[in-house]
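Let me begin by presenting the structure, written as structure tokens, before commenting on it.
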Amino acid sequence: MEGSINGSFTYTLRRLIHIFQSNKELLSSQGWVVGDPYSYSWWGGMRTPDEIAISAFLVQLTKWEVVREVMMKLRENGISNVEELSKMDIDDIDKEISKVNFHKTKARRLKAFSMEAVKLGGVTALVSPINEEKLLEIEGIGKETAKSLLLFISNARVFPPSSYSAIVLGRVIGRHVSQEEASKAVAEALSDIYELKLMHAGLISVGKAYCNRKKPKCHECILRDVCHYKLNTISYIDR
């Protein structure tokens, strides 16, 4: 890619989109719900922008299955929204999310995020492309989380940087790709919201299911027929 998009890379992305489209069951097994381009349910079946944002904090260093269980509990208790969380004490939030890793830290971060969102008029007001810098100033929100929220809540045409995307794309095209390079390249090549979401969900799913950095399961991977790493075995080594 070398800082710019070329035809072969765009063609590769089109092939990946076709493969992901044909393997929705894999994406589903990793927590993604492929459907209407603008539906919030892409994000693990969440129903609202608030639930996406809350779960984005909870899922950090925690398995999605655990996060989903906690989110269902919050929903049942009527507190899966920033308005209610902003009124709660941090200790009470902590008790509600105690099953996730680092719950005390996340309780503090959720409280701060909820208060900021409420102050601005809600999650959709805060999670907006014009507020990306403000999002990045909030504890617990890095570049990947910020762009993920922008893509899946505000349907912004961005692509989240992630280690999974960089590793998978790098292996597919046969050269080292940084997270930022992958993010920029995909965002420039794709403009359709559905395709951006499908690409993110697909790369994350493949990364988790098959593309381990040290011991990739190439023979099982759905990208094995288009992957430079698989087709050339040891010719490409991660740097």
- Between CZ of R75 and CZ of R47, what distance do you get to the nearest 0.5 Å? 3.5 Å
- Query: Do side-chain atoms of S162 reach the backbone of S165 as a donor and acceptor pair under 3.5 angstrom?
  - Reply: yes
- Task: Mark yes or no for whether N131, through its side chain, and A125, through its backbone, hold a donor-acceptor pair below 3.5 Å.
- Result: yes
- Item | Co-membership, hydrophobic cluster, residues V100 and I90, 4.5 Å side-chain | no
- Applying side chain to side chain contact (heavy atoms under 4.5 Å, CB included), run through K99 and K73 and close with a yes or a no. CA-CA 11 Å; K99 289 188 176 182; K73 178 184 174 185; over 6 Å; no
- Query: Roughly how far, to the nearest 0.5 Å, is the CH2 atom of W32 from the CH2 atom of W64?
  - Reply: 8.0 Å
- Task: Kindly give the heavy-atom pair with the smallest separation between A56 and V59, and that separation in Å.
- Result: O-CG1, 3.6 Å
- Please report the shortest heavy-atom distance between L169 and A182, naming the atom on each side. CD1-CB, 4.0 Å
- Message: Just to verify, what does N101 make a side chain to side chain contact (heavy atoms under 4.5 Å, CB included) with, not counting sequence neighbours?
- Response: T62
- Message: Regarding E144 and Y164, do their side chains bring together a donor and an acceptor under 3.5 Å, going by distance alone?
- Response: no
- Query: So, D89 side chain and D91 main chain: donor-acceptor pair closer than 3.5 Å or not?
  - Reply: no
- Looking at K111, K106, R109, which one forms a salt bridge (charged side-chain N to carboxylate O under 4.0 Å, His left out) with E139? R109
- Query: Can you name the residues that form a side chain to side chain donor-acceptor pair (under 3.5 Å) with W43, not counting sequence neighbours?
  - Reply: S55
- Query: When you measure from the side chain of Q60 to the backbone N and O of G140, does any donor-acceptor pair fall under 3.5 Å?
  - Reply: yes
- For S80 and E51, work out which heavy atoms get closest and say how close. OG-OE2, 3.1 Å
- Taking the side chain as C-beta and beyond, is there a heavy-atom pair between K24 and L198 under 4.5 Å? no
- Item | Parallel, tilted or perpendicular: ring planes of H200 versus F159, cut at 30 and 60 degrees | perpendicular
- Message: Checking L58 against L110 for the side chain to side chain contact (heavy atoms under 4.5 Å, CB included) test, could you report, in this order, the C-alpha distance in whole Å, the side-chain angles of both residues, the deciding distance, and whether it holds?
- Response: CA-CA 9 Å; L58 300 183; L110 278 174; 3.8 Å; yes
- Taking all heavy atoms of I193 and all of P37, pick out the closest pair and write down the distance. CG2-O, 3.6 Å
- Task: Return the minimal non-hydrogen interatomic distance between V82 and D50, and the atom names on each side.
- Result: N-OD2, 3.0 Å
- Message: Nearest 0.5 Å, please: how far is OG1 in T124 from CG in L149?
- Response: 12.5 Å
- Group every Ile, Leu, Val, Met, Phe, Trp and Tyr by side-chain heavy-atom contacts under 4.5 Å, then state whether Y194 and Y38 land in the same group. no
- Does Q21 reach the side chain of L27, with side-chain heavy atoms less than 4.5 Å apart? no
- Residue pair R224 / H219, side-chain heavy-atom distance below 4.5 Å: no
- Item | L151 side chain near K197 side chain, heavy-atom distance below 4.5 Å | yes
- Same cluster (ILVMFWY, side-chain, under 4.5 Å), V226 and Y210: yes
- Considering all heavy atoms of both residues, which atom of V33 and which atom of G45 are nearest to each other, and what is their separation? CG2-N, 3.6 Å
- Item | Flag side-chain contact, heavy atom, 4.5 Å: I52 against V127 | no
- K87: side chain to side chain contact (heavy atoms under 4.5 Å, CB included) partners, not counting sequence neighbours: E83, E84
- Item | Side-chain touch M199/I17, heavy atoms, less than 4.5 angstrom | yes
- Task: Identify whether F102 and I138 are in the same connected component of the hydrophobic contact network (ILVMFWY, side-chain heavy atoms under 4.5 Å).
- Result: no
- Item | Separation between CG of L74 and CD of E69, rounded to the nearest 0.5 Å | 11.0 Å
- Query: After noting the C-alpha distance and the side-chain angles of L16 and V168, does the key distance pass the side chain to side chain contact (heavy atoms under 4.5 Å, CB included) rule?
  - Reply: CA-CA 11 Å; L16 296 187; V168 176; 5.9 Å; no
- Message: Nearest 0.5 Å, please: how far is CG in L223 from NZ in K230?
- Response: 12.0 Å
- Any side-chain heavy atom of F113 sitting closer than 4.5 Å to one from I141? yes
- Task: For the pair K147 and E132, evaluate side chain to side chain contact (heavy atoms under 4.5 Å, CB included) and give the outcome as yes or no after the intermediate values.
- Result: CA-CA 8 Å; K147 289 197 180 296; E132 184 170 357; 2.9 Å; yes
- Task: Measure the OG-CG distance between S8 and L13 for me, rounded to the nearest 0.5 Å.
- Result: 9.5 Å
- Item | Ion pair check, E188 and K184, cut-off under 4.0 Å | yes
- Examine distances only and state if a side-chain atom of R171 and a backbone atom of R213 form a donor-acceptor pair shorter than 3.5 Å. yes
- Which of V70, V67, L85 passes side-chain contact (heavy atoms from CB on, under 4.5 Å) with I97? Answer is V70
- If we only count heavy atoms from C-beta on, is the L26 to V206 side-chain gap below 4.5 Å? yes
- Item | Joint hydrophobic cluster, M72 plus M88, side-chain heavy atoms closer than 4.5 Å | yes
- Message: If the threshold is 4.0 Å, N to carboxylate O, is there a salt bridge linking E116 and K119?
- Response: yes
- Is there a donor-acceptor pair closer than 3.5 Å between any side-chain N or O of S183 and the backbone N or O of Q179? no
